[in-house]
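Just so you know, these numbers use all the heavy atoms, side chains as well, and skip hydrogens, waters and symmetry mates. In what follows, chains carry the letters A, B, and so on, assigned in the order in which the sequence lines appear, proteins first and then strands, with residues in each chain numbered from 1. Please read all numbers here as calculations on a predicted model, not as lab measurements.
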There are 2 protein chains.
Amino acid sequence: MSYKRSFLMEERLADNRQRILKAARALVAEGGFNQAAIAAVAASAGLSAGAIYRYFPSKAALFVEVLTSAIDHEIAILQEIVNGEGNVTARLRACVESFANRALEGPYLAYAFIAEPAEQEVDEARLLGRIRFGEVFKSLLIEGIEKGEFPEQSVDIGAACIVGAFTEALIRPIAPRARRDGRTELVEGIVAFCLRAVGAKIS
Amino acid sequence: MSYKRSFLMEERLADNRQRILKAARALVAEGGFNQAAIAAVAASAGLSAGAIYRYFPSKAALFVEVLTSAIDHEIAILQEIVNGEGNVTARLRACVESFANRALEGPYLAYAFIAEPAEQEVDEARLLGRIRFGEVFKSLLIEGIEKGEFPEQSVDIGAACIVGAFTEALIRPIAPRARRDGRTELVEGIVAFCLRAVGAKIS
DNA sequence: TTTTTTTGTGAATCGCCATTCACTTCTTTC
DNA sequence: GAAAGAAGTGAATGGCGATTCACAAAAAAA
């Protein structure tokens with residue numbers, strides 16, 4: 001009667017799904033969303049174009065998942081830092097540094113995830129991601145103010161500004177095909193900006 | 001022999017061109033680049049689709065011009081402030097305020113100009129615009145440091161961060177269709193953030 | 001093994017718009 | 001006013017790539 005997938009089958013399917021996601025991410029990483037046509041993703045994942053649609057309802061859905069899972073990962077890393085040791089200022093610094101360094105690691109990927117135009121849905125996912133990043137910083141700001149490390153200030157706006165600030169500063173060297181020298185200075189500059197901006201004592 | 005356009009004819013042509021630009025801007029303002037198909041622009045300008053191509057080589061070129069001229073206008077306003085009276089801190093504040101207020105005035109337009117996905121060329125123009133905005137702030141930063149109003153700092157990075165910060169903070173309430181209450185607070189929050197960030201004395 | 005259900009294939013379809021172009025209408029020249 | 005040139009029209013074209021679909025291969029049920 002009813003069809004029951006064997007365990008191996010289950011696994012193979014799950015594996016296919018993962019391979020599709022991985023292929024998509026890789027293509028985005030090397031050429032942005034443009035390079036990542038369904039046909040290309042399929043080929044790179046060793047499947048046919050049609051098969052993709054057994055795993056994802058649409059191209060947009062696929063890329064939303066690619067983006068979202070990347071963001072999840074990123075957020076997890078930041079969250080770990082936030083929950084870690086040290087005073088708030090140090091942790092804020094660590095967050096910005098960490099994010100910036102990883103972004104500069106894989107330029108195109110970061111560009112695509114931060115700024116490259118894509119379909120509506122992907123864009124919405126991106127906005128959501130930014131908001132989530134904002135939340136992380138917001139929690140730091142709140143803690144910092146509570147502990148007297150930062151002066152009273154609007155945490156919502158501050159959080160958004162921080163995200164915007166380092167995001168923008170990162171995109172410039174990333175976007176076209178800029179060199180990566182001065183990377184340390186860049187990251188340090190961004191960190192300094194953000195720390196001053198929140199009113200941290202030591203800059 | 002050779003055809004010479006009468007003065008009236010010249011004028012009518014120039015007028016058409018302007019009308020096309022205006023129509024395009026209006027469409028973008030009300031529905032983003034998506035709403036602004038060539039056919040729609042043409043209709044709205046009282047011309048046929050084909051006619052557009054007598055004035056602009058391509059859709060991209062048209063929108064690049066729309067965007068660029070809007071940016072020019074914006075830059076001119078900021079430049080005026082920069083060249084004006086008062087200490088650097090005050091002028092920086094005025095720039096941010098002025099920009100933010102205008103952006104909140106016409107939400108969709110600002111969104112389109114700051115963030116909405118569009119064709120490659122338009123995007124490049126947008127990046128260029130951001131850089132130009134950056135230059136304006138950079139000049140303020142340099143002056144501020146010279147005059148001792150701001151501490152020593154990386155002006156390039158700082159300028160980029162400022163643009164990113166207020167841009168991001170503006171987009172959140174703008175992007176979907178947010179309310180405009182708390183506008184004053186928003187603008188004030190952004191200004192405060194930026195002033196602290198550059199290390200201005202009074203915040 | 002045969003039947004049924006699921007998964008995979010990839011060429012054909014389809015939608016979407018910018019762009020073109022054969023033609024009409026208006027301007028200028030003679 | 002007629003001829004020649006320019007501007008305007010809008011339906012047809014063209015390209016692109018996501019999505020579908022008729023069919024094939026593979027897996028589970030019988």
Side-chain angles (χ1 to χ4, degrees), chain A residues 1-21 23-24 27-28 31-67 116-123, chain B residues 1-21 23-24 27-28 31-67 116-123:
Chain A
M1 276 295 112
S2 72
Y3 182 93
K4 180 87 193 309
R5 282 197 287 245
S6 73
F7 181 65
L8 246 79
M9 192 60 187
E10 286 284 356
E11 276 215 321
R12 201 164 61 73
L13 292 188
D15 184 64
N16 278 352
R17 193 166 197 284
Q18 279 315 114
R19 232 182 17 269
I20 293 170
L21 284 168
L27 283 171
V28 169
F33 286 113
N34 300 317
Q35 298 307 304
I38 285 290
V41 173
S44 163
L47 286 168
S48 67
I52 302 285
Y53 288 84
R54 286 200 177 270
Y55 296 88
F56 299 91
S58 70
K59 187 193 179 184
L62 165 58
F63 284 102
V64 165
E65 187 161 337
V66 167
L67 181 60
E116 196 194 10
E119 31 252 304
Q120 181 79 24
E121 281 124 309
V122 175
D123 262 45
Chain B
M1 276 295 111
S2 73
Y3 181 96
K4 181 87 193 314
R5 284 198 285 248
S6 74
F7 181 66
L8 248 77
M9 191 60 185
E10 284 290 352
E11 276 215 322
R12 201 165 61 74
L13 292 187
D15 184 63
N16 279 352
R17 192 166 198 286
Q18 280 314 114
R19 232 183 17 268
I20 293 170
L21 284 169
L27 283 171
V28 170
F33 286 113
N34 301 315
Q35 298 306 304
I38 286 291
V41 173
S44 164
L47 286 168
S48 67
I52 303 285
Y53 289 84
R54 287 202 175 267
Y55 296 87
F56 299 90
S58 70
K59 187 193 180 183
L62 164 58
F63 283 102
V64 166
E65 186 160 337
V66 167
L67 182 59
E116 198 194 8
E119 31 253 302
Q120 182 79 23
E121 280 122 308
V122 175
D123 262 45

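Residues Leu21(A) and Leu62(A) form a side-chain contact, since some pair of their non-hydrogen atoms from C-beta on lies under 4.5 Å apart.
For Ser6(B), a side-chain nitrogen or oxygen approaches OP1 or OP2 of dT28(C) to under 4.0 Å. Look at Asn16(B) and you'll find a side-chain N or O under 4.0 angstrom from OP1 or OP2 of dG8(D).
Rounded to an integer number of Å, the gap from Glu121(B) CD to dA18(C) C1' is 13 Å. Atom CG in Leu47(B) sits roughly 16 Å away from atom P in dA18(C) (whole-Å rounding). Whole-Å rounding puts the Lys4(B) NZ to dC30(C) C1' distance at 17 Å. Atom CG of Leu62(B) and atom P of dT19(C) are 10 Å apart (whole Å). We find that CG of Leu8(B) is positioned 12 Å from C1' of dT27(C), with the value rounded to whole Å. Note: CZ (Arg17(B)) to C1' (dA7(D)) measures 16 Å, nearest angstrom. In this structure, CZ of Phe7(A) is placed 17 Å from C1' of dA28(D), rounded to the nearest angstrom. Taking atom CD of residue Gln120(A) and atom P of nucleotide dC16(C), one finds them 15 Å apart after rounding to whole Å.
The structure places CG of Asp123(B) at 9.0 Å from CG of Leu67(B), a figure rounded to the nearest 0.5 Å. Separating the CG atom in Leu13(A) from the CZ atom in Arg17(A) is a distance of 11.0 Å, to the nearest 0.5 Å. The CE atom of Met9(B) lies 13.5 Å from the NZ atom of Lys4(B); values are rounded to the nearest 0.5 Å. Gln35(B) contributes atom CD, which lies 8.0 Å from atom CG of Leu27(B) (distance to the nearest 0.5 angstrom).
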Atom pairs, protein N/O to nucleotides 17-24 of chain D N/O, distance under 3.5 Å:
from: dA18(D); atom 1: OP1; to: Lys59(A); atom 2: NZ; distance (Å): 2.8
from: dA18(D); atom 1: OP2; to: Ile38(A); atom 2: N; distance (Å): 3.0
from: dT19(D); atom 1: OP2; to: Tyr53(A); atom 2: OH; distance (Å): 2.5
from: dT19(D); atom 1: OP2; to: Lys59(A); atom 2: N; distance (Å): 2.8
from: dT19(D); atom 1: O5'; to: Tyr53(A); atom 2: OH; distance (Å): 3.3

Run the side-chain donor-acceptor check on residues 49-60 of chain A: report pairs under 3.5 Å with partners two or more places apart or on a different chain.
from: Tyr55(A); atom 1: OH; to: Asn16(A); atom 2: ND2; distance (Å): 2.9
from: Ser58(A); atom 1: OG; to: Ala60(A); atom 2: N; distance (Å): 3.4
from: Ser58(A); atom 1: OG; to: Ala61(A); atom 2: N; distance (Å): 3.1

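Using a 4.0 Å heavy-atom cutoff across all strands shown, Tyr55(A) reaches sugar-phosphate atoms only and no base atom.
With sequence neighbours excluded, the residues satisfying salt bridge (Lys or Arg N to Asp or Glu O under 4.0 Å) with Glu10(B) are Arg5(B).
Comparing dT9(C), dA28(D), dG10(D) by their nearest atom to the side chain of Met9(A) picks out dA28(D).
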